[in-house]
Peer 1: 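Structure provided below as structure tokens; questions to follow.
Labels below follow one simple rule: chain letters A, B, ... track the order of the sequence lines, proteins then strands, and each chain is numbered from 1.
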There are 2 protein chains.
Amino acid sequence: MAPRGETKERILQAALESFGTVGYDGTSLDDLAAGLGIRKQTILYHFVAKRNLLNAVVDHNTVYLTEALEQVLSSKASDADRIEALVRSVFRVALEQPLLLGLLREVSRPGSPAAPRLRNMMVPLMDRAVAWMEAEMAAGRMRRTDAQLVLLSAYSTVVGLATEIEILRAAGIERALRPVALRRRELLRFLRASLIPAK
Amino acid sequence: MAPRGETKERILQAALESFGTVGYDGTSLDDLAAGLGIRKQTILYHFVAKRNLLNAVVDHNTVYLTEALEQVLSSKASDADRIEALVRSVFRVALEQPLLLGLLREVSRPGSPAAPRLRNMMVPLMDRAVAWMEAEMAAGRMRRTDAQLVLLSAYSTVVGLATEIEILRAAGIERALRPVALRRRELLRFLRASLIPAK
DNA sequence: AGCAAGACTTACCAATTGGTAGAGAAATGG
DNA sequence: CCATTTCTCTACCAATTGGTAAGTCTTGCT
């Protein structure tokens, strides 16, 4: 018998992996259980229903992301450098929890059972980030653009880069496989060039 | 009985819609047929297997996209304005075939049965676009950045914006629902600001 | 020791899935 | 007018799915 709540934790981890790669529909409780050397009913015992498992995985993993972003946004640090802190923060989370991005992609699909869950997590965060960017623009410290467009673009880019690795690899894009740190540096340079006024 | 190949065409259209919204696994042949007032076996008669149907949908719909992009890239038009032509072209396709973007998102997921098909379509296109951008940069007509990163970012942005409408709407982002033309104008302005040297 | 709660299992099920086999109906070409 | 091809149907199936019911084993508390 598994000590303490270890089994539940292992199920959450395996579910994250499976949902993020083959998707919600593509994940069968039988396979999931088999991969853990467990019976399917053990999963249902802990989470009652498959949909609940997805919600639990989302809740359990988006905490890293929201906490990291919250911290950056609420810091009183230097203004222009906060872009850098924002990007670094996102990349750090992506490095520590690479499977999270696959999950985000899966879960943000229209019609996903956990879409409402994700919305409740993301919307306030997005609102705060937009408010911050607009304040920066109003103060002339940032080039005037559509904040929501830029943020959604950045979000889609990170998720896309991490998630379409298979296609990138087939394209012979060795660069896609370079250490994340290098890509981060280039993304930073690009964002600085686009957002920070020439002088 | 349906005249000529009309039924086949209708199946392709309905399949595009279904694959693009609820995904491949989320699409059942029975439901698909029911929506068309047809029996499932009619679908299987025309496409033999579900996987073949997906491939056919991909082939049938990416033609618009590849042709439009091919045309822009091979045109000898003014250099800097080709960014604009590129964006306009993508948006035009997105307007005429709004479901295509949902399909692209679904199909570019790692593990999708049609992923190889998509790769073969996209890779040469991407190579040409990258080559063009790098030539522009070498000639000093475009700010120096990672061409692949920018292109993938733009791709992810368009797909993301079109595909995460549900979440955007819940976020109370009325702007997301504004006419596509407006968003296009803002994206254009952003790209110009980031890519074209100050002077 | 005894007992209750938690953890995991076996046994089973109704529903749905993609797919096969073969029979008719409609159009087409001679 | 007949024969062939194209198209759609009914009937059926094996496999997989998420989920229920009820049992067994372990652990911890008194």
Peer 1: Using side-chain hydrogen bond (donor to acceptor under 3.5 Å, both in side chains) as the criterion, list what pairs up with Arg144(A), not counting sequence neighbours.
Peer 2: none
Peer 1: Can you name the side-chain hydrogen bond (donor to acceptor under 3.5 Å, both in side chains) partners of Asn52(A), sequence neighbours left out?
Peer 2: none
Peer 1: Specify the separation, in whole Å, of atom CZ of Arg51(A) and atom P of dG19(D).
Peer 2: 9 Å
Peer 1: Does anything in residues 19-47 of chain A come within less than 4.0 Å of DNA chain C? Heavy atoms only, and list the residues if so.
Peer 2: Ile38(A), Arg39(A), Gln41(A), Thr42(A), Tyr45(A), His46(A)
Peer 1: Applying salt bridge (Lys or Arg N to Asp or Glu O under 4.0 Å), name anything that partners Arg51(A), two or more places apart in sequence or on another chain.
Peer 2: none
Peer 1: Applying ring pair (Phe, Tyr, Trp, His ring centres under 6.0 Å), which residue pairs with at least one partner in residues 14-34 of chain B are found, sequence neighbours left out?
Peer 2: Phe19(B)-Tyr24(B)
Peer 1: Check residues 39-46 of chain A and write down every donor-acceptor pair under 3.5 Å in which the side-chain atom is one partner and the other belongs to a residue at least two apart or another chain.
Peer 2:
| from | atom 1 | to | atom 2 | distance (Å) |
| --- | --- | --- | --- | --- |
| Thr42(A) | OG1 | Arg39(A) | O | 3.3 |

Peer 1: With Arg128(B), which residues qualify under salt bridge (Lys or Arg N to Asp or Glu O under 4.0 Å), at least two apart?
Peer 2: Glu70(B)
Peer 1: Lys8(A) has an atom NZ; how far is it from atom P of dG6(C), in whole Å?
Peer 2: 12 Å
Peer 1: Please report the end-to-end axis angle for the helix from dA1(C)-dT30(D) to dG30(C)-dC1(D), five pairs per end, rounded to 10 degrees.
Peer 2: 10°
Peer 1: Taking atom types as modelled, is there a side-chain donor on Gln13(B) or His60(B) under 3.5 Å from an acceptor on the other?
Peer 2: no
Peer 1: Round to a whole Å and report the spacing from NZ of Lys50(B) to P of dT17(C).
Peer 2: 9 Å
Peer 1: For Asp59(B), which residues count as a salt bridge (Lys or Arg N to Asp or Glu O under 4.0 Å) partner, sequence neighbours excluded?
Peer 2: Arg117(B)
Peer 1: Using a cut-off of strictly less than 4.0 Å, decide whether Thr7(A) has a side-chain nitrogen or oxygen near OP1 or OP2 of dC8(C).
Peer 2: yes
